[in-house]
Amino acid sequence: MSRQASRRPPTRITIALNARQTQRAPLLLPANASTDPSSPTSIRKLVFKAAQAKLRIGKPSRVFVAGFGAELVGEEDWERGVRNDVSLLISAGEDYIGVIRDAGVHPKANPTCPIHNLASAAALDEHALTQLRTTAHSLPGLVHAVGQPNLHPGTKFPIGAVFVSQRWIHPPLIGGDIGCGMAWYRTRLSRGQVEGDRGRKVAEKLRGMEGAWRTAEARERWLEDEWGMCGAGEEWDGSVGTIGAGNHFAEIQVVEEVEEGCGLAEGEVVLLVRSGSRGYGSSILKKYTAEGQVSLKEDSAEAKEYLKEHDSACRWAKANRNLIALRFLSCLEPGEPAWSLGKKDAHVEDIHDARTKWPPVVATSEDTNERTASSPSPGIDAYIHRKGAAPTLSPGTCLPLSILPLPGSRGTPTLILAPQFPSSTSRGLDNAVSLAHGAGRSMSRAKALSTLSQKYQASSLLEPRGGKGTWVVCEAKDLVFEKAAEAYKDVEAVGANLVAFGAARRVGWCRARVSYKCRDERGGGR
DNA sequence: ATGTAC
């Protein structure tokens, strides 16, 4: 018996007969009892011995968790199932007897999954917080959950949340917009060309962005030549190069302030694109959530297929952002030779989910080793599910990303954040190596529609108030209200939460000059 | 979020 083990308190449990549950007895399990059922000092043996002595059962052979019906078989089950105040039902071979209460809680759920919150207490939404806790404590295999400062309620699962799991994959925690992300592209425009009233001219130039790009053959070639992937099928490839709805946009920005050496330069004009995998990703989610299915065991054929499709949706989403950028730059810089898309630096990728070791190993490179540290233990395989959050490590290399955008709602600044990995955040683990990927809703869509429609008139081009604001191209009437800045949390407050937590440094900001949402091109734009 | 479900 190790000294450390003997110091830990025993676990109090209750054992009862599965067949006659009024026959019960308390049992204290020493902390050094083994969860491995084949060990000579296993909890299983202690439980069986106690059952024979106190409950007078001749041949105990199976054990269930009362109220859940989960059978304890392997070491993992014993590890998870045995905790203070649990009631174990001892069976002589018969199946579990009793109702399964709390059917939403998976037998492999982790009721002690730790949750970290990055939002300040004042900004926390009760409903979203409940969703965060319920999800963390009822889905199987979760080992770490994070509420980002943009945490807000989703239909079933929260948005602005990160969930780390082992052995299980949960497609709904990633959502339908697989691979949704942001990228900055350099333009050749000078700030003088987009400042003040010139923003209107720039906005007017942005046409031909709606609808399919060129021909099916051209789209196929784009996906194959540029991205080395065959398409997702014409049903979905038809929308490659389109922005989409919701929080997707493209925005022309001036870099107002930025620290030197992080990839963006002060005064330059950039294009920030946020979009995802459109109908393709959503079709994948649909396929793997038939009949309410939420969780896939990692070694199942289904999980392996999902991961493959997930990766290809991520690549498709990246190709989509690049094509959106190409379409915008064609309007803004006509006559320029082809842009080497994807090779434009300051290119930040956000992939919703990534396989990793947990704890993740933060790689070091010669020039960054003073601010990062390697995790000493290699960890075991884990899956990071992100929704409304971006990774702080490059998925390929595990090197810290130098900068990430934190866009506000349209017209508000985009912060330039440098992810941080201080020991106070367990080197980035506490925030699950992720940062909020936007300001997040503070007002439901319905509420925004009802309260803000008084304030805004729907028009094709929203003029900035004052000379330095943003021209907004938004020809879908409902979106004008729904996506209004007032419906969102303040981006500075969200950024301040990330900074206060130690997850990021604010290294600069961009001023949005033209924010493009959508245009109604059927009637020529008005 | 979505070439959407009732």
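Note: hydrogens, waters and symmetry copies are ignored here, and every other heavy atom, side chains too, is used.
Scanning for side-chain hydrogen bond (donor to acceptor under 3.5 Å, both in side chains) contacts around A:E210 gives A:Y516, with sequence neighbours left out. Every residue two or more places apart in sequence or in another chain was checked for a salt bridge (charged side-chain N to carboxylate O under 4.0 Å, His left out) with A:R327, and none qualifies. In this structure A:E256 satisfies the salt bridge (charged side-chain N to carboxylate O under 4.0 Å, His left out) test together with A:R191, A:R511, sequence neighbours excluded. Applying the salt bridge (charged side-chain N to carboxylate O under 4.0 Å, His left out) rule to A:E492 yields the partners A:R506; only residues at least two apart in sequence or on another chain are considered.
Sorted by first then second residue, the side-chain hydrogen bond (donor to acceptor under 3.5 Å, both in side chains) pairs that include residues 119-133 of chain A, not counting sequence neighbours, number zero.
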Grab the N/O contacts between the protein and nucleotides 3-5 of chain B below 3.5 Å, and write none if there aren't any.
{"from": "B:dG3", "atom 1": "OP1", "to": "A:G279", "atom 2": "N", "distance (Å)": "3.1"}
{"from": "B:dG3", "atom 1": "OP2", "to": "A:R278", "atom 2": "NH1", "distance (Å)": "2.7"}
{"from": "B:dG3", "atom 1": "N1", "to": "A:E235", "atom 2": "O", "distance (Å)": "2.7"}
{"from": "B:dG3", "atom 1": "N2", "to": "A:E235", "atom 2": "O", "distance (Å)": "3.3"}
{"from": "B:dG3", "atom 1": "N2", "to": "A:S239", "atom 2": "OG", "distance (Å)": "3.1"}
{"from": "B:dA5", "atom 1": "OP1", "to": "A:K286", "atom 2": "NZ", "distance (Å)": "3.0"}

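Computed from coordinates, the A:I174 CD1 to B:dT2 P distance equals 17 Å when rounded to whole Å. Distance NZ (A:K287) to C1' (B:dT2): 17 Å, rounded to an integer number of Å.
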